[in-house]
Asker: 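Just dropping this structure here.
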Number of protein chains: 2
Amino acid sequence: MNDLSPHRLLDEASAAEQLREAGIQPTRQRLRIAQVLLTGSQHLSADQVLEKVNRTGKPVSKATVYNTLGLFADKGLLREVIIDPSRVFYDTNSAPHHHVYNTATGELSDIALHRVLTEPLPELPAGTELESVDVVIRVRPLD
Amino acid sequence: MNDLSPHRLLDEASAAEQLREAGIQPTRQRLRIAQVLLTGSQHLSADQVLEKVNRTGKPVSKATVYNTLGLFADKGLLREVIIDPSRVFYDTNSAPHHHVYNTATGELSDIALHRVLTEPLPELPAGTELESVDVVIRVRPLD
DNA sequence: TTGGGTGCAAACTATTTGCATTCGA
DNA sequence: TCGAATGCAAATAGTTTGCACCCAA
C-alpha cells in the first residue's frame, strides 16, 4: 500500500470518456484524478490519491479529492472499501471481488470472487434491498 | 442502534468472573462496563457504551471506555466490527457470525454463520496467518 | 508501597462544510 | 452568462495520548 510509484497515467482522452460514460462532467481536476486512479487495479486512500495527483505537477486541493472520490464512488467508477477504522480505501477494480487485508502492514489485495462462495444469501430485513456483500479476510504476519 | 433502553445489568459477580477468565484484572470501571456490555447480544459504538454506562449513575471517563473496549477486544471478550467509516462497533456476540448493516439507519444485526458459506478459503499470502473472516451484507431501504 | 489503572484535557487525524472565486458549457 | 466546480480554511467527530492522581494487591 505504500506503493505510490509512478503508475502510467491514463491518457486524457480515455479518462474523459470514462467520466462521460459514468455521467460525470469531466473538469480539469476530475480528469487529473481519473488519470492517476483509473489505470490498473489500485487500492488507495484519499490521502494517497492526493499525494499521487500532486506528484504529477498538477496539484488538486484536498477537499476536491475527497469530493471527487465520493462522486466517483457514487457513480460506480470506484468502490469504497471500509476495512481500516482510520481511513477509507478506494478500489478501482470494478469486477466483483473480495479482499485480503494485512492488519500489520495495511496492505490490501483482491481475491477473485469465485474463490469465496457466499450463498444462499439470507432473507434481508423487510423493506430493504441489497446494496453490497463485502468479504474481508484479515491476515497478520506469522508469529 | 439507537436502542439504549435499559438492558438488564449483569450482576457484578458474573462480570468479575468473566473478566478474570479472560485474564483481565477486574477494576471498578471495567466491572461497570462489563455489566452494561456483557449481557445479551449487542452492537454498540464506544460513544453508546459511554452513554449507557453513565446512565447507570456510575460514570466512567471517555478515555477509560476507549481503553477498556480495546482491552476487551484484545482479550477476546468483544469483537470489533468495522463497517461504518465513522466509528467502530463492538459486538458482544462471541459466536462466529456475520453482519447485516442498514446503511440508512446505521442498524447492525447478526446473521447466523451457517447461512453464509465461505469456503474454500483461498491460500493466504506467504508468511501470514488468518486473523478473521468478516462478511458484511449492506442493505438500504427500498426506493 | 508501588505499579497498573483512571480521568481529564489537549492533541491528532480523517473527513466535511461554508463561502467566495473560478470555470466550463 | 450562470450554475456547477473548486479551493481554502475552519469546523467536526472519533479516537489517542500525556501526565498527575488514585487504588488494589
Side-chain angles (χ1 to χ4, degrees), chain A residues 1 12-13 15-17 19-20 22-36 43-54 56 58-75 77-78 80-90 103 106 108, chain B residues 1-2 12 15-16 19-20 22-36 43-54 56-75 77-78 80-90 103 106 108:
Chain A
M1 103 175 201
E12 213 172 292
E17 192 187 327
L19 293 187
R20 270 190 228 96
I24 298 172
Q25 182 179 331
T27 64
R28 204 179 323 176
Q29 290 84 341
R30 289 173 181 173
L31 275 174
R32 288 178 196 157
I33 294 171
Q35 286 185 267
V36 161
H43 303 96
L44 299 174
S45 65
D47 241 22
Q48 293 175 324
V49 172
L50 179 63
E51 204 180 331
K52 274 200 147 189
V53 170
N54 287 351
T56 66
K58 300 175 176 177
V60 172
S61 79
K62 183 181 274 201
T64 297
V65 168
Y66 275 98
N67 291 338
T68 301
L69 289 174
L71 177 67
F72 284 10
D74 277 352
K75 299 296 186 175
L77 236 36
L78 300 173
E80 286 190 340
V81 182
I82 297 163
I83 244 177
D84 181 306
S86 71
R87 62 204 156 159
V88 174
F89 283 99
Y90 291 89
T103 55
L108 180 60
Chain B
M1 104 175 204
N2 289 315
E12 213 172 292
L19 293 187
R20 270 189 228 95
I24 297 171
Q25 182 180 328
T27 65
R28 203 179 323 175
Q29 290 84 342
R30 290 173 181 173
L31 275 173
R32 287 176 198 159
I33 294 171
Q35 286 185 266
V36 161
H43 303 95
L44 299 175
S45 65
D47 243 21
Q48 292 175 324
V49 172
L50 180 63
E51 204 179 330
K52 274 201 146 188
V53 170
N54 287 350
T56 66
K58 300 175 177 177
V60 171
S61 78
K62 183 180 274 201
T64 298
V65 168
Y66 275 98
N67 291 337
T68 301
L69 289 174
L71 177 67
F72 284 10
D74 278 351
K75 298 296 188 176
L77 236 38
L78 299 173
E80 286 190 341
V81 182
I82 297 163
I83 246 178
D84 181 306
S86 72
R87 62 204 156 163
V88 174
F89 283 99
Y90 290 89
T103 54
L108 181 59

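Every heavy atom of this structure was used, including side-chain atoms; hydrogens, water molecules and symmetry mates were not.
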Asker: Would one find a side-chain N or O of B/Thr27 under 4.0 angstrom from OP1 or OP2 of D/dA24?
Answerer: no
Asker: Set out, line by line, the N/O atom pairs under 3.5 Å between protein and nucleotides 15-17 of chain D.
Answerer:
from: D/dT15; atom 1: OP1; to: B/Val88; atom 2: N; distance (Å): 2.9
from: D/dT15; atom 1: OP2; to: B/Tyr66; atom 2: OH; distance (Å): 2.8

Asker: From CD1 of B/Ile33 over to C1' of C/dT6, roughly how many Å is that when rounded to an integer?
Answerer: 10 Å
Asker: B/Asp84 has an atom CG; how far is it from atom P of D/dA13, in whole Å?
Answerer: 14 Å
Asker: Counting heavy atoms from C-beta on, name the nucleotide in D/dG7, C/dT6, C/dG5 closest to the side chain of B/Gln25.
Answerer: C/dG5
Asker: Send over the distance from A/Leu71 CG to D/dA4 P, rounded to a whole Å.
Answerer: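 Distance, rounded to whole Å: 14 Å.
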Asker: Figure out the CG/P separation between A/Leu50 and D/dC8, and round it to whole Å.
Answerer: 11 Å
Asker: For the pair made of CD1 in B/Ile82 and C1' in C/dA14, what is the distance, rounded to whole Å?
Answerer: 15 Å
Asker: Within the structure, does a side-chain N or O atom of A/Arg28 lie under 4.0 Å from either OP1 or OP2 of C/dT22?
Answerer: no
Asker: What is the distance, to the nearest angstrom, from the CD1 atom on B/Ile24 to the C1' atom on C/dG5?
Answerer: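 Value for this atom pair: 13 Å.
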Asker: Given D/dG7, is OP1 or OP2 found less than 4.0 Å from the side-chain N or O atoms of A/Gln29?
Answerer: yes
Asker: To the nearest 0.5 angstrom, please state how far the CD1 atom of B/Ile33 sits from the NZ atom of B/Lys52.
Answerer: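 If I round to the nearest 0.5 Å, the distance is 13.0 Å.
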Asker: Less than 4.5 Å apart, side chain to side chain, heavy atoms only: is that true for B/Lys62 and B/Asp47?
Answerer: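 Of all side-chain heavy-atom pairs linking B/Asp47 with B/Lys62, at least one is under 4.5 Å.
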Asker: Can you tell if the side chain of A/Glu80 reaches within under 4.5 Å of the side chain of A/Phe89, non-hydrogen atoms only?
Answerer: no
Asker: When the distance from CG of A/Asn54 to C1' of D/dG7 is rounded to whole Å, what number comes out?
Answerer: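 My rounded result for the distance is 12 Å.
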Asker: What's the separation between atom OG in B/Ser45 and atom CD1 in B/Ile83, rounded to the nearest 0.5 Å?
Answerer: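 B/Ser45 atom OG to B/Ile83 atom CD1 measures 12.5 Å (nearest 0.5 Å).
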Asker: With side chain to side chain contact (heavy atoms under 4.5 Å, CB included) as the criterion, how do B/Thr27 and B/Leu19 come out once you've worked through the C-alpha distance, each side chain's angles and the decisive distance to 0.1 Å?
Answerer: CA-CA 9 Å; B/Thr27 65; B/Leu19 293 187; over 6 Å; no
Asker: Think B/Arg30 has a side-chain N or O under 4.0 angstrom from the OP1 or OP2 of C/dG5?
Answerer: yes
Asker: Does B/Thr64 put a side-chain nitrogen or oxygen below 4.0 Å from OP1 or OP2 of C/dG7?
Answerer: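 Answer yes for this pair, as a side-chain N or O of B/Thr64 is under 4.0 Å from OP1 or OP2.
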Asker: Counting C-beta onward and ignoring hydrogens, is there a side-chain heavy-atom pair between B/Arg30 and B/Leu71 closer than 4.5 Å?
Answerer: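 Answer yes - side chains close enough.
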Asker: Let me confirm one number: the CD-NZ distance from A/Gln29 to A/Lys58, rounded to the nearest 0.5 Å.
Answerer: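 Rounded to the nearest 0.5 Å, the CD-NZ separation comes to 11.0 Å.
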Asker: Atom CG of B/Leu19 and atom P of C/dG5: how far apart are they, to the nearest Å?
Answerer: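 Whole-Å distance recorded here is 12 Å.
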